[in-house]
Amino acid sequence: MTRPTRARAALTAAVLCAVAALAGCTADTPPHAAPAAKATTAAPSAHAPADTSCQPRRSLRPSGGLPQPGHMPAGSYMAQIQKKGRLVLGTSQDTLLFSSRNPFTGAVEGFDVDMGHQIAEAIFGDPDKLTIKVIPNEKRVDDAADGTVDLVAYTMTINCARWKRVNFSTVYYDAGQKVLVSTSSAAKGIGDLGGKRVCAPNGSTSLDNIAKAPSKPVAVGRASFGDCLVAFQQNEVDAISTDDTILAGLAAQDPYAHVVGDKFTQEPYGLAMSQQHPEFTRFVNAVLERNRANGTWKRTYDRWLGRFGPAPQPPAAEYRD
Ligand code: GLU
């Protein structure tokens, strides 16, 4: 699996630059940017039973129609956001296609960021009344739960363990976990990676899924996807395993890497919010419902993921009332 050293060194330098640019390590790095990645190796328990105490795809049903933008109901959390003047979105800055910093414009952009713009538009009538706060992968649940941010859009899988601490919207994207390996590797999927070091971000479902894989790979945690890619290029890990969407973005940055095998998990993405304001979850779901019906979801898909083929049907909304 080892690549030619010189090519690897040059590539590593190039990718470190690219990741640095993507990670916004520039003069305009916001003060709240995630701290420099620390190399950590996590060993999640392979025996933790899956939490099946809920039906994770079911969220709170919208109550009536959407209010006019700029006229949020008195006393609602939406009215508080309107008064504040900005919607605060917690997201990543190194997840290509979903939420990454455009090195030319400095803007953080992607499918997830557009979800934030769409909610801002519904509140203010202006999609740009959005403050993007870059948060570490590991802080997604905490920052949504305690209101550090109003909304988290971060390739975040809806599951029962997380529902215990945050509210999720209905599903806005259906992903699934795959594997990225070197083009010189014979591995065809997670089943071929027994005993191999496989990287995923700390705090992700991906890391747990690696640890639980019957083939018994060695799960290696890093702070971010960019850190996994660098570890892969420095031969500190043999593979990366996370959502197919994210791996597509990583493979696009490394000509010596490719994505193999079928999806071996289901990773339905939801927007996460505090449980203190259920009316905001209902409002977000009303916006998602309208945007599935009026073609906005499809346009968002085509914009960011259209290179992978025609847009599928948007995930159907399911409610728990
Ligand atoms: N979707 C998975 C999760 O929420 C893995 C990708 C990620 O960490 O963003 O944990």
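In listed order, ligands and their atoms are each counted from 1. Since the structure is predicted, the reported quantities are computational estimates derived from the model, not experimental observations.
Those atoms of ligand 1 with a heavy atom of F225 less than 4.0 angstrom away are 6 (C), 7 (C), 8 (O), 9 (O). Numbered from 1 in the order shown, with element, the atoms of ligand 1 that lie under 4.0 Å from a heavy atom of I246 read 6 (C). If you number the atoms of ligand 1 from 1 as listed, the ones under 4.0 Å from a heavy atom of N137 come out as 7 (C), 8 (O), 9 (O). Using a 4.0 Å cut-off to heavy atoms of M156, the atoms of ligand 1 that qualify are 4 (O). Of all atoms in ligand 1, listed by their number and element, those nearer than 4.0 Å to a heavy atom of Y154 are 9 (O).
If you chain together hydrophobic residues whose side chains sit under 4.5 Å apart, L66 and I81 fall into the same group.
Considering backbone and side-chain atoms alike, D243 places an N or O below 3.5 Å from some N or O of ligand 1. Of the polar atoms of Y269, none of the N or O atoms is found under 3.5 Å from an N or O of ligand 1, judged by distance alone. Of the polar atoms of T242, none of the N or O atoms is found under 3.5 Å from an N or O of ligand 1, judged by distance alone.
In Q177, neither the side chain nor the backbone holds a heavy atom less than 4.0 Å from any atom of ligand 1. Counting heavy atoms under 4.0 Å from ligand 1, residue R162 touches it through the side chain alone. Residue F98 does not touch ligand 1, judged by heavy-atom distances below 4.0 Å.
Applying salt bridge (charged side-chain N to carboxylate O under 4.0 Å, His left out) to K263 and the options D244, D243, D174 leaves one that passes, D244.
Atom 2 (C) of ligand 1 has its closest protein heavy atom at T205 OG1, 3.1 Å. Among protein heavy atoms, atom 9 (O) of ligand 1 sits closest to T155 OG1, 2.7 Å.
For the ligand labelled ligand 1, residue S206 lies inside the 4.0 Å heavy-atom shell.
Ring geometry for Y301 versus Y173: interplanar angle under 30°, hence parallel rather than tilted (30 to 60°).
The local environment of NE2 in H71 is sparse, with at most 12 non-hydrogen atoms from other residues, nucleotides or ligands closer than 6.0 Å. Within 6.0 Å of atom NZ in K84, more than 12 heavy atoms from other residues, nucleotides or ligands are found, so the atom counts as buried in its surroundings. Counting non-hydrogen atoms of neighbouring residues, nucleotides and ligands closer than 6.0 angstrom, the CG atom of D262 reaches no more than 12 such neighbours.
Remark: R320 qualifies as a cation-pi partner of W163 under the 6.0 Å distance and 45° angle criteria applied to the six-membered ring.
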Using the ring-ring contact (aromatic ring centres under 6.0 Å, His included) rule, take Y269 and F111 through it: C-alpha gap first, then chi angles, then the decisive distance, then the call. CA-CA 11 Å; Y269 291 170; F111 196 107; 8.5 Å; no
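Atom-to-atom distance recorded for L229:CG and I246:CD1 is 12.5 Å, nearest 0.5 angstrom.
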